[in-house]
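Everything on this sheet refers to the single structure shown next.
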Amino acid sequence: MCGITGWVSFDRDLRASAETLDAMTQTMDCRGPDDRGTWIEGPAALGHRRLAIIDLPGGRQPMTATTPDGTVVLVYSGETYNYTELRAQLVARGHEFRTDSDTEVVLRGYLEWGERLPDRLNGMYAFAVWDGRVGRLLMIRDRMGIKPFYFYETADGVLFGSEPKAILANPLARARVTSEGLRELFTIVKTPGHAVWDGMHEVEPGTVVTVDRSGLRRRAYWTLETTPHTDDRDTTIATVRGLLDDIVRRQLVSDVPRCTLLSGGLDSSAMTAIAARQLAERGETVRSFAVDFVGQAENFVADELRGTPDTPFVHDVARSAGTDHRDIVLDSHALADPEVRTRVIRARDIPAGFGDMDASLYLLFKAIREHSTVALSGESADEVFGGYLQFFDEEARSADTFPWLVRMGRHFGDDADVLRPDLGKRLDLEGYVADNYAGAVRGIQRLDGESDFEYRMRRICHLHLTRFVRVLLDRKDRASMAVGLEVRVPFCDHRLVSYVYNTPWALKSFDGREKSLLREATADVLPKSVYDRVKSPYPSTQDPKYSLALQDHAKELLAQPAHRVFDLVDRERLAKAAHREAPQITQASRRGLERTLDLALWLDLYRPELALD
């Protein structure tokens, strides 16, 4: 897994800047607690923090290859699941290996195939190659954007890192946020390449970014393409199952303890059951972990979002699949703890505003890390198979905007409501969303003869797979890597994504329910309770003590009238929310409190320059 960073400066010798590279590398110690390494030569400086997963003694980085024409250096984060096959191909072509790591396969693969290497990779990865033979840096990110990757152009080169904090540790990078950055913060649209921080960009998923003396260039090596689907229902179901079996088998490979994340929903249950069956063939038992809240199962109250508590379904799967299961039970004190909020903000580098769901995810991963180093997650199945409620909500389906914003607005209100009215007007978030939506749907290909309804659903699926999924993947990566846990996402395998994306909606929902294909493809390993269960989102605490704790923290913030957060948020609105009686604390007001507290903490931690036009 790991964290990578680096600096290319064509007009200087960076050997005199070793301390700066060390500082950039040190920001990612949580991503790589097992080892660190740096490499500097002339205009290039690369840093690495390692979380050892495969070939524990042999996978140290930066990894170098000496050639007659110069040195090639790699820093790599992630996993290549087909590295065994690629290694065999490279050995057949005359390459010799010093280690058993997938990192060396990627390095040797670059020497053999150059920029065409990522076409051959199956995995999650973000890596940089300094090619000293030609004085060129390549930055490459996986197809779905599972692993984060950022860069910042300078006057004579570029800074890069797995996270913004690594780049911001270099004096050349300004911790500056403009109105454009705030617009991105307060709209869940995930503009491709946008990093919130001024001057900083994401390496877009499925993209190679090349930097040399002539400048910076981008090339997409993979995009989500529209192709005809000719398989019938039975063949489609069988193909999905065959892919899932292969994907899980590949992603179970590890030299360290692994487990699964189990929520009792269809996605994680199917993945856990398949993993359990495959490990049982080798005489092993899979570990599974679930998050729960004190008193939630006993006192659960159904609402439109969540009709059932997770725990009974989790236990059904654990019994059925024979997992070694553990519930991680959290209380409201832990969820509202300012120290936990601080760690979440540091992990994410921005005030994302997911509140207790961010805190519980971080605490879940922290508890799991005491037992396992690798976890498989059911994340992204909703985007791939069409599982969210907005896929079946006529208002959301027909709206000319991102469908999830319709559902979120209905339940949580408008995130922009926390802003000062004058600032909200200047930012024109509604216009920002409209422009983003128009750009997002503009290039989606339509099949010849595709009906208006099928094309509408294709667009909705495309938006979820290229925008919304990236929000959740980033959240998952940051929370897990903040505690040194590698989370793998089998449903993001690009083969599965492409195949199911091109399956007509009528086939994705052939029985009138969400995720029909996934349900039928895994029916043989699911308990009946899970097979019949209706989609339920990631859990959120219902304990009123959590909301009361948020109010107390908001009152403490209101006692600091000079705090910078009041340059952004509406003080009067915050005061009303902070003093509202507990029964009147709605989902929208609770989210507003969480949003404001996250903003305040972010301003304290990062002290960004706010350049608002």
Worksheet item: Do you know which of Arg49, Arg60, His48 makes side-chain hydrogen bond (donor to acceptor under 3.5 Å, both in side chains) with Asp35?
Response: Arg60
Item to complete: Check step by step if side-chain contact (heavy atoms from CB on, under 4.5 Å) holds for Leu610 and Leu603.
Response: CA-CA 10 Å; Leu610 298 178; Leu603 291 168; 4.1 Å; yes
pair [X]-[Y]: side-chain heavy atoms closer than 4.5 Å:
X      : Y      : result
Val483 : Arg343 : no
Phe97  : Arg87  : yes
Asp119 : Arg116 : yes
Leu612 : Leu568 : yes
Glu41  : Trp130 : no
Arg250 : Arg488 : no

Using the ring of [Y] (Phe, Tyr or Trp, six-membered ring only), decide whether [X] places NZ or CZ under 6.0 Å from its centre and within 45 degrees of its axis.
X      : Y      : value
Arg595 : Phe354 : no
Arg176 : Trp197 : no
Arg467 : Phe402 : no
Arg458 : Tyr501 : yes
Arg475 : Tyr538 : yes

For [X], give me all partners under salt bridge (charged side-chain N to carboxylate O under 4.0 Å, His left out), at least two apart in sequence or on another chain.
X      : result
Asp604 : none
Arg369 : none
Arg456 : Asp400

Worksheet item: Where do Ile4 and Ala126 come nearest, in terms of heavy atoms and distance?
Response: CD1-O, 3.5 Å
Discussion item. Atom CZ of residue position Arg442 - does it have more than 12 heavy atoms of other residues, nucleotides or ligands inside 6.0 Å?
Written reply: no
Practice prompt. May I have the step-by-step check of side-chain contact (heavy atoms from CB on, under 4.5 Å) for Cys461 and Phe391, ending in yes or no?
Written response: CA-CA 8 Å; Cys461 292; Phe391 283 94; 3.8 Å; yes
Worksheet item: Between Tyr152 and His201, does the ring centroid distance fall short of 6.0 Å?
Response: no
Worksheet item: Ring centres of Tyr110 and Phe127 under 6.0 Å apart?
Response: no
Does [X] reach the main-chain N or O of [Y] with its side chain, forming a donor-acceptor pair under 3.5 Å?
X      : Y      : result
Asp212 : Arg136 : no
Ser372 : Ile368 : no
Glu202 : Phe149 : no

